[in-house]
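Input: a single structure, listed below in structure tokens.
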Amino acid sequence: MSIATYDKVRSHIPPVEWAMVEPEIRAIEALKREHDAVILAHNYMTPEVFHGVADIVGDSLALAREAQTVEAGTIVLAGVHFMAETAKLLNPSKRVLLPDLRSGCSLAESITPADIAELRRQHPGVPVVTYVNTSAAVKAASDICCTSGNAVEVIESLGVDKVIMIPDQYLARNIAARTGVEVITHPGACEVHERFTPADIRQIRDDFPGVTVLAHPECPPPVVAEADYAGSTAQMQDFVVRNQPRRVALITECSMSDNVAADNPDVEFVRPCNLCPHMKRNTLTAIRRSLELGQHEITLDPALEVPARRAIERMLEVK
């Protein structure tokens with residue numbers, strides 16, 4: 001790999017780390033060309049993946065949108081299983097690879113189609129809004145999907161006074177407070193965001209006077225109430241870029257701060273660090289092996305594809 005390539009990531013990857021990751025990055029770039037592949041990476045990827053090998057980066061909404069524009073025949077999804085399924089739903093003719101099949105999600109695992117059927121039985125006629133952090137089977141049993149970045153717009157687009165919003169109870173409650181729509185919840189939660197507490201934020205404010213606190217809406221409502229702003233990872237990033245706070249704390253997965261800080265050198269980042277073990281399975285080594293061996297290819301039940309794709313497409317039509 002040329003010096004010019006390192007110049008592009010110099011502000012993101014220190015020289016001592018570059019010496020360790022350069023061989024893997026070099027190998028992955030060659031494999032991408034050999035296999036006509038692109039890498040889509042979530043905002044929670046570590047810098048060597050996010051800045052070193054990814055072709056498209058963003059939150060779950062951005063990746064869902066960008067997946068539709070990909071021309072390459074193979075998509076490697078550096079994220080978690082539901083994201084790879086979503087990419088496959090939107091690109092049925094392409095090969096979609098997930099580097100590590102253990103890259104799951106506590107939210108996706110908290111809800112089943114049977115749970116949705118029971119909620120519909122209890123609340124007949126109420127539309128089901130499903131967070132994208134769910135399996136294709138759950139999406140297929142839903143009316144429309146949403147992300148943390150567009151949930152308000154999705155709910156308001158339905159023109160109803162009551163919705164079932166699954167599976168994240170905290171996201172649902174936080175969104176309900178912003179819409180005035182009655183939201184029926186399900187007891188799911190993100191294992192990263194539910195660990196944050198209001199006391200954590202108060203301690204950060206005590207230790208770092210003047211800090212601006214940005215929280216992800218998957219955090220419990222009392223945490224969001226303590227923050228200065230709540231939004232998706234893309235919205236938090238936009239806030240930092242637009243406002244350039246002197247000092248900021250991102251109350252979300254740890255690697256997010258690393259990736260946003262690299263492009264905002266004048267902002268001091270306070271780094272509370274809760275890691276997602278599933279995201280962190282997307283190492284450079286796992287990505288290289290995925291390309292070398294064509295693993296692990298995502299396949300979908302044909303009976304689920306049309307209804308699951310429609311739930312995602314309805315979301316994308318909103319915003």
Side-chain angles (χ1 to χ4, degrees), residues 42-44 59-61 80 82 104-111 115-116 119 128-134 138 145-156 162-208 211-240 245 248-257 260 269-280:
H42 189 267
N43 287 334
Y44 293 159
D59 63 2
S60 54
L61 177 58
V80 294
F82 77 80
C105 172
S106 58
L107 282 172
E109 293 164 3
S110 74
I111 187 81
D115 295 323
I116 296 177
L119 285 165
V128 176
V129 178
T130 295
Y131 198 23
V132 292
N133 299 38
T134 50
V138 166
C145 288
C146 73
T147 71
S148 57
N150 69 2
V152 169
E153 290 80 8
V154 166
I155 288 177
E156 291 179 342
K162 181 188 295 185
V163 300
I164 298 167
M165 187 173 180
I166 58 171
D168 191 319
Q169 59 182 311
Y170 301 132
L171 177 66
R173 287 160 56 190
N174 286 322
I175 295 302
R178 296 172 56 191
T179 63
V181 175
E182 181 183 350
V183 174
I184 298 161
T185 66
H186 174 81
C190 167
E191 63 188 278
V192 172
H193 293 104
E194 71 175 341
R195 295 203 299 267
F196 289 107
T197 68
D200 292 334
I201 296 183
R202 291 193 291 268
Q203 186 64 57
I204 289 170
R205 293 194 190 279
D206 287 342
D207 293 342
F208 300 94
V211 66
T212 299
V213 179
L214 313 183
H216 196 284
E218 290 177 17
C219 294
V223 173
V224 170
E226 288 280 349
D228 298 298
Y229 175 81
S232 69
T233 57
Q235 290 166 338
M236 285 193 281
Q237 182 176 18
D238 289 345
F239 182 99
V240 173
V248 70
L250 305 184
I251 308 302
T252 189
E253 212 274 351
C254 195
S255 291
M256 178 73 183
S257 293
V260 179
F269 281 75
V270 178
R271 300 171 189 257
C273 199
N274 284 344
L275 292 171
C276 174
H278 308 292
M279 289 285 188
K280 293 303 178 274

For a quick test of reading the model, state the closest non-hydrogen atom pair linking P217 to S148 and the distance between them. CG-CB, 3.9 Å

When every non-hydrogen atom of V132 is compared with those of S60, the smallest separation belongs to CG2-OG, 3.6 Å

Can a donor-acceptor pair be found, under 3.5 Å and without considering hydrogens, that links the side chain of H42 to the backbone of Y44? yes

Criterion side-chain contact (heavy atoms from CB on, under 4.5 Å) against N174, the qualifying member of V152, D168, V224, V223: V224

Would you say the SG of C273 sits under 2.5 Å from the SG of C254? yes

How about I116 and H186: do any of their side-chain heavy atoms sit closer than 4.5 Å? no

Are the side chain of E253 and the backbone of V192 linked by a donor-acceptor contact shorter than 3.5 Å? no

Should D200 and R205 be marked as a salt bridge (charged side-chain N to carboxylate O under 4.0 Å, His left out) after you check the CA-CA gap, both sets of side-chain angles, and the distance that decides it? CA-CA 9 Å; D200 292 334; R205 293 194 190 279; over 6 Å; no

D228 (side chain) donor-acceptor with V213 (main chain) under 3.5 angstrom: yes

Let me see the working for M279 and V80 under side chain to side chain contact (heavy atoms under 4.5 Å, CB included), right down to the final yes or no. CA-CA 6 Å; M279 289 285 188; V80 294; 4.0 Å; yes

Can you measure from OG (S255) to NZ (K280) and round to the nearest 0.5 angstrom? 3.0 Å

Give the intermediate values and the outcome of side chain to side chain contact (heavy atoms under 4.5 Å, CB included) for residues T252 and H193. CA-CA 6 Å; T252 189; H193 293 104; 2.8 Å; yes

Between CD1 on residue I155 and CE on residue M165, distance to nearest 0.5 Å: 4.5 Å

Kindly indicate, with the supporting measurements, whether the criterion side chain to side chain contact (heavy atoms under 4.5 Å, CB included) is fulfilled by V248 and V270. CA-CA 6 Å; V248 70; V270 178; over 6 Å; no

Quick one: does Y229's side chain get under 4.5 Å of Q235's, heavy atoms only? yes

Could you tell me whether the side chain of R195 and the main chain of E191 form a donor-acceptor pair under 3.5 Å? yes

When rounded to the nearest 0.5 angstrom, what is the spacing between OH in Y131 and SG in C146? 7.5 Å

How far apart are the closest heavy atoms of D115 and S110, and which atoms are they? OD2-O, 4.0 Å

Euclidean distance, I111 CD1 relative to T134 OG1, rounded to 0.5 Å: 8.5 Å

Check whether any side-chain heavy atom of P198 lies under 4.5 Å from a side-chain heavy atom of R202, and answer yes or no. yes

Min side-chain heavy-atom separation F239-T212 under 4.5 Å: yes

Closest approach of A172 to V183 (non-hydrogen atoms, all atoms of both residues): CB-CG1, 3.7 Å

Output the distance between atom CZ (R271) and atom CD1 (I204), rounded to the nearest 0.5 Å. 12.5 Å

Less than 4.5 Å apart, any side-chain heavy atom of M236 and any of V260? no

If I take atom CD1 from residue I166 and atom OG1 from residue T130, how far apart are they, to the nearest 0.5 angstrom? 3.5 Å

Would you say that I175 contacts V129 through its side chain, given a criterion of any heavy-atom pair below 4.5 Å between the two side chains? no

What are the two closest non-hydrogen atoms of P167 and L107, and how far apart are they? CG-O, 3.5 Å

Any side-chain heavy-atom pair from P272 and F196 closer than 4.5 angstrom? yes

Grab the two heavy atoms, one from A189 and one from Y170, that are nearest each other, plus how far apart they are. CB-CE1, 3.8 Å

Stepwise, does the side chain to side chain contact (heavy atoms under 4.5 Å, CB included) test hold for E194 with C219? CA-CA 5 Å; E194 71 175 341; C219 294; over 6 Å; no

